Amino acid sequence: MRSRDIEFAARWWQWAMAIPADRNPVSDETGEFAGEEQPADVWFLAGTFGGKVSRKCAVPFGRPIFFPAFNILQKSSLFARRVPVIPTASGHAELNGVSLPLREVANRSPFLVDAVPDAPFGPAGRYRANAWGLWCRLDDLRRGDYILTLGGEYEPGGFWVEVTYDLEIV
């Protein structure tokens with residue numbers, strides 16, 4: 001596991017939880033809000049809260065793209081700092097029909113989250129959390145159009161996510 005992926009996973013959660021539900025990229029059904037509060041050094045893509053969606057977005061050339069196929073977050077406390085691993089989870093990602101490698105990323109050191117009042121993830125507030133997931137990072141995509149599919153599930157037939165992105169690197 002690359003240390004940059006651990007950092008990006010924590011930053012992804014910080015990003016996703018800092019955006020209100022009405023414009024949150026995880027809630028977005030079209031890609032209209034994919035660019036919300038994106039950092040300057042990486043471009044985050046989002047899954048869903050369950051189910052299937054298709055989105056279209058433009059990504060600035062030269063930024064790595066980082067996204068979860070499946071992920072989970074758990075608040076940590078003085079007595080509960082374990083990473084919320086789901087061994088039965090599975091995931092996939094494909095770029096223009098070619099399979100991409102997923103990495104298991106676990107944030108073993110709690111990181112700080114500031115959840116806004118209207119965030120779709122639950123109660124607002126500042127707290128420390130641990131996270132786990134199956135992640136993918138794309139570096140150095142050339143300018144052009146791409147179809148990215150990603151998804152994951154646990155307990156087959158239970159919770160699942162499936163997203164198709166029509167990406168334009170500009």
Side-chain angles (χ1 to χ4, degrees), residues 4-77 83-84 86 89 91 93 95 100 102-103 105-107 109-139 141 146-154 159-170:
R4 190 80 170 155
D5 291 344
I6 294 169
E7 174 198 343
F8 280 168
R11 288 177 57 200
W12 185 95
W13 279 106
Q14 292 163 337
W15 167 77
M17 296 182 78
I19 304 170
D22 65 342
R23 60 181 208 274
N24 193 291
V26 182
S27 308
D28 185 6
E29 295 186 7
T30 65
E32 176 184 5
F33 301 112
E36 278 298 310
E37 299 185 33
Q38 289 286 351
D41 62 334
V42 62
W43 190 271
F44 294 128
L45 294 177
T48 71
F49 290 110
K52 185 174 185 173
V53 70
S54 293
R55 299 178 178 137
K56 182 175 185 166
C57 70
V59 177
F61 173 75
R63 287 204 208 168
I65 299 171
F66 191 74
F67 59 89
F70 184 91
N71 63 349
I72 186 169
L73 175 111
Q74 178 176 292
K75 288 183 183 182
S76 65
S77 69
V83 176
I86 300 180
L95 186 67
L100 299 169
L102 296 178
R103 291 179 202 68
V105 177
N107 296 84
S109 297
F111 55 91
L112 194 60
V113 170
D114 285 311
V116 296
D118 277 351
F121 292 92
R126 175 175 257 198
Y127 53 87
R128 299 188 76 66
N130 293 90
W132 175 88
L134 302 172
W135 297 85
C136 186
R137 186 170 90 193
L138 299 172
D139 295 311
L141 286 182
Y146 299 87
I147 300 296
L148 173 69
T149 56
L150 62 101
E153 71 175 332
Y154 76 96
F159 179 82
W160 61 276
V161 170
E162 187 72 27
V163 182
T164 300
Y165 274 98
D166 182 352
L167 297 177
E168 181 182 10
I169 308 300
V170 294

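Predicted, not measured: the structure shown is a model, and the values here were computed from it. For the numbers below, each heavy atom of this structure counts, side chains included, while hydrogens, waters and symmetry mates do not.
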Run the ring-centre check on Tyr146 versus Tyr165 and record whether the distance is less than 6.0 Å.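 They do not qualify: ring centres at least 6.0 Å apart.
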
Ignoring hydrogens and geometry, is there a side-chain-to-backbone donor-acceptor pair from [X] to [Y] under 3.5 Å?
| X | Y | answer |
| --- | --- | --- |
| Arg137 | Arg4 | no |
| Ser76 | Arg128 | yes |
| Trp43 | Gly35 | no |
| Asn130 | Asn107 | yes |
| Gln14 | Leu112 | yes |

Between CG of Asp28 and OG1 of Thr48, what distance do you get to the nearest 0.5 Å? 11.5 Å

Check the pair Trp135 / Phe8 against side chain to side chain contact (heavy atoms under 4.5 Å, CB included), numbers first and verdict last. CA-CA 10 Å; Trp135 297 85; Phe8 280 168; over 6 Å; no

Flag the pair Arg11 and Asp41 as a salt bridge only when some basic side-chain nitrogen lies within less than 4.0 angstrom of an acidic carboxylate oxygen.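 Answer for the salt bridge query: yes.
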
If you look only at distance, which donor and acceptor atoms sit under 3.5 Å apart when one is on a side chain in residues 56-73 and the other is two or more places apart or in another chain?
from  : atom 1 : to    : atom 2 : distance (Å)
Arg63 : NE     : Ala40 : O      : 3.4
Arg63 : NH1    : Pro39 : O      : 2.7

Just do the side chain to side chain contact (heavy atoms under 4.5 Å, CB included) check on Lys52 and Trp160 with the steps written out, would you? CA-CA 8 Å; Lys52 185 174 185 173; Trp160 61 276; 3.9 Å; yes

One pair to check against side chain to side chain contact (heavy atoms under 4.5 Å, CB included): Trp132 and Gln74. What are the steps and the verdict? CA-CA 9 Å; Trp132 175 88; Gln74 178 176 292; over 6 Å; no

Are any of the side-chain heavy atoms of Leu100 and Leu150 separated by less than 4.5 Å? no

Under the salt bridge (charged side-chain N to carboxylate O under 4.0 Å, His left out) test against Arg23, which residue among Glu29, Glu36, Glu32 passes? Glu36

Mind telling me whether Phe44 and Trp15 have parallel, tilted or perpendicular rings, with 30° and 60° as the class edges? tilted

